[in-house]
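Single-structure report; data block below.
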Amino acid sequence: MDKKNKVLVVGSGGRCHAMVEAFARSASVGKIYCAPGNAGIAKKAECVDISVSDISALADFAQQNDVDLTIVGPEASLCAGIADEFNKRGLRIFGPTKAAARIESSKEFAKELMKKAYVPTASYESFTDFDKALEYVKGRQLPAVIKYDGLAAGKGVVVAENYEDAENALRNMLVEHGFGRGKVIIEDFLEGSEFSFMCLVNGDKVYPLAIAQDHKRAYDGDQGPNTGGMGAYSPVPFITPEIEQEALETILKPTAKALVENDTPFIGVLYGGLILTDSGPKVIEFNARFGDPETEVVLPRLESDLYEFISAVMEKKDFTPEWSSDGCLGIVLAAKGYPGKYSKELPLQLEGMEGIIYHMGTKTRDGKTVSDGGRVLMVVGKAENLTKARQNALALIEDIATGDYFYRQDIGKGIILDGKKLAAEIKEKIKLTVKDKTARGLRAPKIALVLVGDDPGSRQYIEGKAKDAAETGILAEKILLDKTIPQADLLAEIERLNEDKTVDGIMVQLPLPSHLDEAKVIARIDPDKDVDGFHPINVSALWTGGEGILPCTPKGIIKLLETNDVRIAGKNAVVIGRSNIVGLPMAKMLLNHNATVTIAHTMTDKLKEVTLNADILVVAAGKHSLVTGDMIKPGAVVIDVGINRNRETGKLQGDTVFESCRPVASAITPVPGGVGPLTKASLMENTLEAYLRHIES
């Protein structure tokens with residue numbers, strides 16, 4: 001676009017500041033207005049003193065100043081019909097009509113829409129009468145979620161753990177009319193991890209943004225009342241591309257289509273407040289605009305031009321946004337007393353502060369920046385991983401905060417150390433090396449994957465490793481043997497692979513059928529081709545300091561810790577599990593990195609006392625739900641290697657109880673998907689290293 005466009009951002013909060021900053025990076029934008037704006041926004045936009053609720057004045061301003069695009073931050077403007085007024089005047093606005101915005105302004109409307117479209121969400125009942133609502137609560141199980149049906153600035157939701165909480169919430173909403181006269185929705189409590197999925201939408205066309213996670217409660221440990229949001233981060237490692245695609249196909253797209261079929265087509269930002277349950281993602285709530293504070297950690301990761309992105313959506317053109325792989329984590333600085341009574345015009349010391357600081361509730365008084373709301377600033381750290389981003393955000397907000405303010409110190413605590421990104425980087429390096437070697441006329445590396453029997457889980461592992469090999473350019477020979485094969489025949493097959501000079505790595509999938517001696521099978525593999533690192537010679541080399549192939553899982557875990565800046569030297573590490581495959585090699589590798597290491601067993605006396613001393617806890621016991629949150633030292637790093645299939649649910653579980661451990665730990669790996677991808681990447685890396693030795697010799 002050659003023309004420098006004019007943009008009007010309606011609002012004054014942190015999300016609007018983030019939008020203004022994003023538009024300021026756009027080559028397509030020449031002038032930015034913001035109504036009414038704040039002290040921080042004023043540095044990049046011309047602030048206009050018009051209230052977000054003065055729809056007519058906003059439309060007049062856009063018309064008189066030839067504004068090319070208006071985008072709306074607060075829900076109040078949308079629900080008051082700003083898009084309707086702008087559309088009537090032929091003004092270009094990115095936001096839903098009042099009718100379409102009911103997906104946020106009326107919880108009942110949203111629920112009915114989801115029910116018709118078969119969008120997964122909690123079951124519910126709606127009430128306007130206090131006595132009937134209370135009677136319903138008394139006759140059902142708790143906890144229950146009680147929601148005011150209209151707008152409540154993010155505060156109209158109560159998770160009632162007991163009947164007293166439920167009665168107080170219902171009395172506040174239906175008798176005292178704390179948020180205005182209206183009805184309430186009482187719905188089932190959904191268990192799982194919440195995440196925010198925002199999409200740009202035009203009719204049935206849906207363009208997903210990066211996933212984020214918000215923290216609503218006021219205080220550390222998810223305690224205290226709900227707020228408009230006390231911090232957020234993006235990406236969200238436990239939301240895999242597969243889960244994201246499922247949410248897109250089963251929630252966001254059907255909802256957009258349902259709005260069209262309801263004669264209320266949606267244009268703007270459709271925000272899905274979702275939760276990942278045991279049965280997949282479900283809807284907690286919908287919003288009709290950018291989320292706050294999620295926008296402040298999503299837009300800094302957007303590498304595409306925001307103006308061009310929105311323009312493409314408005315014209316229903318295909319557009320694939322590009323995202324930084326960096327992590328963004330933001331922490332809200334709030335006035336003491338928020339979300340209750342708090343003071344305004346509190347001083348702020350921002351001079352000389354370097355970093356990403358979004359103003360949420362500020363103004364200028366006598367040339368100085370002061371507070372003008374409950375949530376005052378959003379301090380954002382951006383780095384190559386979320387651990388560093390969190391460190392950066394905490395360091396910056398500590399320099400800004402005074403006794404007038406408070407902030408949560410646990411935003412992003414329990415950050416998930418997901419091996420997928422690091423595994424992808426390792427595999428990309430392998431791919432480039434293989435491409436270089438084969439371009440010179442050399443043969444490609446090759447791994448033999450041996451599977452004995454027809455166990456579905458083992459077959460799945462073999463297929464996954466073959467897929468990883470194909471992605472890196474490594475040839476994979478799958479050798480599928482009958483489960484009744486005599487040991488002598490299996491050993492002979494391994495010997496054949498030992499002698500095959502085109503085979504660089506041999507991996508035998510464990511466990512083997514009970515009639516086979518695993519130790520003898522592993523010992524028969526040529527140590528130089530033992531890319532699993534299980535051969536006695538390789539194990540011995542690890543302990544004696546000699547040269548040998550490192551076992552894949554411990555090797556991957558060490559890389560994961562180092563990549564996420566987890567200091568190992570001088571820390572207390574506890575390894576639960578004594579196998580030669582993970583436990584013992586893991587302990588030795590931690591020792592090699594100057595940690596103090598304790599090796600424990602599932603039957604270790606007073607195991608909890610042992611684990612509570614761990615700065616780094618590696619659980620590789622193969623016993624699901626062994627470690628719970630009360631066994632974790634606050635701030636510890638927890639690496640869950642175990643992967644077990646629950647006999648009742650059929651789902652994969654770890655050795656740790658993830659939901660209870662995560663709030664206590666500073667970082668934790670999920671199961672599945674945490675360590676697994678790195679184990680496979682390390683297997684390919686070991687195969688490449690064996691290949692390089694072979695072609696050089």
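Any value given below was found using the heavy atoms of this structure, including those in side chains, with hydrogens, waters and symmetry copies removed. Count residues from 1 along the sequence.
Inter-residue side-chain proximity for I71 and F290 is flagged as met; some heavy-atom pair is nearer than 4.5 Å. With a 4.5 Å cut-off on side-chain heavy atoms, S311 and F319 do not count as touching. Inter-residue side-chain proximity for I267 and F94 is flagged as met; some heavy-atom pair is nearer than 4.5 Å. You'll find the side chain of Y124 stays beyond 4.5 Å of the side chain of K147, heavy atoms only. Side-chain contact between F179 and D149 is absent, with no heavy-atom pair separated by less than 4.5 Å. The shortest side-chain heavy-atom distance between K31 and Y33 falls under the 4.5 Å cut-off. You'll find the side chain of L252 stays beyond 4.5 Å of the side chain of V201, heavy atoms only. Side-chain contact between I310 and M314 is present, with heavy atoms from C-beta onward closer than 4.5 Å.
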Practice problem: Any chance you could lay out the salt bridge (charged side-chain N to carboxylate O under 4.0 Å, His left out) test for R89 and D60, step after step, and finish with the verdict? | Solution: CA-CA 9 Å; R89 299 196 194 189; D60 289 343; 2.5 Å; yes
Self-check item: Steps toward salt bridge (charged side-chain N to carboxylate O under 4.0 Å, His left out) verdict (R15, E75)
Solution: CA-CA 12 Å; R15 68 182 150 217; E75 59 273 24; 3.5 Å; yes
Exercise. Starting from the C-alpha separation in whole Å, work towards a yes-or-no answer on side chain to side chain contact (heavy atoms under 4.5 Å, CB included) for L302 and L299.
Key: CA-CA 5 Å; L302 179 65; L299 288 186; 4.2 Å; yes
Quiz item: L348 and L346: side chain to side chain contact (heavy atoms under 4.5 Å, CB included), yes or no, with the steps?
Solution: CA-CA 7 Å; L348 283 165; L346 301 170; over 6 Å; no
Quiz item: Please walk me through it: do I82 and I93 pass side chain to side chain contact (heavy atoms under 4.5 Å, CB included)?
Solution: CA-CA 9 Å; I82 186 173; I93 186 169; 4.0 Å; yes
Quiz item: Going through the checks in order, is the salt bridge (charged side-chain N to carboxylate O under 4.0 Å, His left out) test met by D292 and R375?
Solution: CA-CA 11 Å; D292 192 351; R375 293 187 302 162; 3.7 Å; yes
Quiz prompt | Y148 vs N172, side chain to side chain contact (heavy atoms under 4.5 Å, CB included): CA-CA, chis, key distance, verdict | solution = CA-CA 10 Å; Y148 176 69; N172 178 42; over 6 Å; no
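When the shell of 6.0 Å around CD of Q64 is examined, it contains more than 12 heavy atoms from other residues, nucleotides or ligands. Under a cut-off of 6.0 angstrom, the local environment of CD in E135 is sparse, with at most 12 non-hydrogen atoms contributed by other residues, nucleotides or ligands. Environment of CD in E191: sparse, with no more than 12 heavy atoms of neighbouring residues, nucleotides or ligands closer than 6.0 Å. Within a 6.0 Å sphere centred on NZ of K317, heavy atoms belonging to other residues, nucleotides or ligands number 12 at most.
Donor-acceptor pairing under 3.5 Å is recorded for the side chains of S26 and D305. Under 3.5 Å, the side chains of N38 and S12 contain no donor-acceptor pair of N or O atoms. Counting only N and O atoms by type, the side chains of S234 and R301 include a donor and acceptor under 3.5 Å apart.
No donor-acceptor pair closer than 3.5 Å links the side chain of T128 to the backbone N or O of K183. No donor-acceptor distance shorter than 3.5 angstrom exists from the side chain of R289 to the backbone of G95, with no hydrogens or angles considered. Here the side chain of S304 pairs no donor or acceptor atom with the backbone of P321 at under 3.5 angstrom. A donor-acceptor pair under 3.5 Å is absent between the side-chain atoms of Y207 and the main chain of L200, judged by distance alone. Using a distance-only test at 3.5 Å, with no hydrogens or angles considered, no donor-acceptor pair links the side chain of S371 to the main chain of V376. At least one donor-acceptor pair closer than 3.5 Å links the side chain of D84 to the backbone N or O of K98. Judged by distance alone, with hydrogens and angles left aside, the side-chain atoms of R408 form no donor-acceptor pair with the main-chain N or O of M230 at under 3.5 Å. Here the side chain of K257 pairs no donor or acceptor atom with the backbone of K205 at under 3.5 angstrom. No side-chain donor-acceptor contact under 3.5 Å links N65 to the backbone of V67. Distance alone, capped at 3.5 Å, places no donor-acceptor pair between the E85 side chain and the A83 backbone.
Closest approach of P225 and Y219 over heavy atoms only: CD-CE1, 3.9 Å. When every heavy atom of I185 is checked against every heavy atom of S126, the shortest pair comes out as CD1-CB, 3.5 Å. Contact record, I186 with A133: CD1-O, 4.0 Å, taken as the closest heavy-atom pair. Pairing each heavy atom of V236 with each of A212, the nearest pair is CG2-C, 3.3 Å. Across every non-hydrogen atom of A232 and M378, the tightest pair is N-CE, 4.2 Å. The minimum heavy-atom distance between G228 and P293, with the atom names listed, is O-CD, 3.8 Å.
Taking the side-chain contact (heavy atoms from CB on, under 4.5 Å) definition, one finds that N162 meets it with E164, D165, sequence neighbours left out.
Of the options K282, K111, K253, M114, a side-chain contact (heavy atoms from CB on, under 4.5 Å) to V119 is made by M114 and by none of the others.
Rounding to the nearest 0.5 angstrom, the gap separating the CZ atom in F195 from the CD atom in E244 is 8.5 Å. Note that CD1 of I32 and NZ of K6 are 13.0 Å apart. Values are rounded to the nearest 0.5 Å. With values rounded to the nearest 0.5 angstrom, E194 atom CD is found 11.0 Å from L276 atom CG. Distance CG/D220 to CD/Q409: 6.0 Å, rounded to 0.5 Å. Here the straight-line distance linking atom CG of L170 with atom OH of Y136 works out to 11.5 Å at 0.5 Å rounding. Atom-to-atom distance recorded for H17:NE2 and M360:CE is 11.5 Å, nearest 0.5 angstrom.
Note: Y233 and H215 have tilted aromatic rings, judged against thresholds of 30 and 60 degrees for the angle between ring planes.
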